[in-house]
Amino acid sequence: MKELTKYIAESLVDHPDLVKVEEVEGERTSVIELSVAKEDIGKIIGKQGKTASAIRTILNAASMKLKKRTILEIID
Amino acid sequence: MQSIETEAKTVEEAIVKACAQLNTTKDNLRVEILESSTGGILSFFSGKKVRIKASLANSSVQTGQDAINSLKETLETIVKKICPEASVDISTEHGETVLNIIGDGSGIFIGKNGQTLQAFQYILGKIKMNKFRNAPHIVVDSESYRSRHIDSLTSLAKRLSSKAKKKKGAVATEPLSPSDRRIIHMTLKKDKELTTWSKGHGNIKKVIIAPKNS
């Protein structure tokens, strides 16, 4: 899950080396904290949060397979 | 023009790094040396680094086909992280390049109302804009969801059009996304007795189908 987020984020930004992902795993819910370079935050969130919600949708599909829930937080 | 800066002990190493990051080969790079060690064997030991700025020399060098292949690789890497046995293949339908995700058959890549598929389509479009600008428009599909979806919309359009004619009044669809509305409009465009328009605010609108003289 962590790698998935990292890979998607790295493909979207201008500074892939500054993408950092942390995963806080709970029993049923895990929280993924994503941080990117300051200039890239807009790219990750997208117009009206469209990119962010698309990433969340993909993460939801991935977590459904693991029968878990995932929350994506974008940290600035 | 996308350009990056890399650092390594030698210029060659820096170029290799840049190639890896830009997903290309050495021949396609335009390299500019920003900071070089003064040469000599000492600089090798002093840990001084070479910094280069690299950008894609000529974007047309990377053909559309290469870009499609790289996009396919990208999508495949993503889906494999979700479901290791999944894969992606490329096909051309009606002049459009379709990337088909082959999953485990459970529709995991489609999602409710095709939501997940749409998310993949959107993210891939963004990646295309970021890295492979000269790739043609691509469509993401899984388990032929798109064609099934188009079929169901065309039959919905036909059903509603006969209803409108029978009723001699306007009928409305459920709120639909722009691409779905387009399919309804296009299906009924040839029908001389009917006229269609969209009603509502924002992205999701209803399509109204009505006889022309009303």
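Lettering of chains follows the sequences in order, A, B, ..., and the numbering in each one begins at 1.
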**Check against salt bridge (Lys or Arg N to Asp or Glu O under 4.0 Å), K68(A) and E25(A)** = CA-CA 10 Å; K68(A) 279 179 87 174; E25(A) 252 179 285; 3.2 Å; yes
**Request:** Find out whether N130(B) and D14(A) are in side-chain contact, i.e. whether some heavy atom of one side chain is under 4.5 Å from a heavy atom of the other.
**Result:** yes
**Complete:** Assert top hit (heavy-atom pairs under 4.5 Å, partner chain B, pool K43(A), M64(A), E3(A), K50(A)) equals K50(A)
**Message:** Less than 4.5 Å apart, side chain to side chain, heavy atoms only: is that true for S198(B) and H185(B)?
**Reply:** yes
**Message:** Would you say that E96(B) contacts H137(B) through its side chain, given a criterion of any heavy-atom pair below 4.5 Å between the two side chains?
**Reply:** yes
**Residues in residues 139-151 of chain B that sit under 4.5 Å from chain A, counting heavy atoms only** = none
**Prompt:** What do you reckon, is CD of Q48(A) surrounded by more than 12 foreign heavy atoms closer than 6.0 Å?
**Reply:** no
**Prompt:** Which region of I55(A), side chain (C-beta onward) or backbone (N, CA, C, O), has a non-hydrogen atom less than 4.5 Å from a non-hydrogen atom of chain B, or is it both or neither?
**Reply:** both
**Message:** Just so I understand: if I count every heavy-atom pair under 4.5 Å between each of A62(A), S11(A), A54(A) and chain B, which residue has the most?
**Reply:** S11(A)
**Message:** Among L12(A), L66(A), L59(A), which residue has the highest count of heavy-atom pairs closer than 4.5 Å to chain B?
**Reply:** L12(A)
**residues 99-126 of chain B: residues contacting chain A (heavy atom under 4.5 Å, by number)** = D104(B), I108(B), Q115(B), T116(B), A119(B), F120(B), Y122(B), I123(B), K126(B)
**Asked** In terms of heavy-atom pairs under 4.5 Å with chain B, which of T57(A), N60(A), I58(A) leads?
**Response** I58(A)
**Prompt:** Are N69(B) and I90(B) side-chain neighbours, meaning at least one heavy-atom pair lies under 4.5 Å?
**Reply:** yes
**Request:** Run the numbers on E13(B) and K17(B) for salt bridge (Lys or Arg N to Asp or Glu O under 4.0 Å), then give the verdict.
**Result:** CA-CA 6 Å; E13(B) 273 176 52; K17(B) 261 192 189 173; over 6 Å; no
**Asked** Does a sphere of radius 6.0 Å around NZ in K80(B) hold more than 12 heavy atoms from other residues, nucleotides or ligands, not counting ones at 6.0 Å or beyond?
**Response** yes
**Request:** Kindly indicate, with the supporting measurements, whether the criterion salt bridge (Lys or Arg N to Asp or Glu O under 4.0 Å) is fulfilled by E5(B) and R51(B).
**Result:** CA-CA 7 Å; E5(B) 284 174 23; R51(B) 224 150 60 84; 2.7 Å; yes
**Message:** Is it true that S63(A) and R69(A) share a donor-acceptor pair across their side chains at a distance under 3.5 Å?
**Reply:** no
**Prompt:** Between the side chains of E39(A) and H15(A), does any donor sit under 3.5 Å from an acceptor?
**Reply:** yes
**Asked** Taking all non-hydrogen atoms of both residues, which atom of T5(A) and which atom of L72(A) are closest, and how far apart?
**Response** CG2-CD1, 3.9 Å
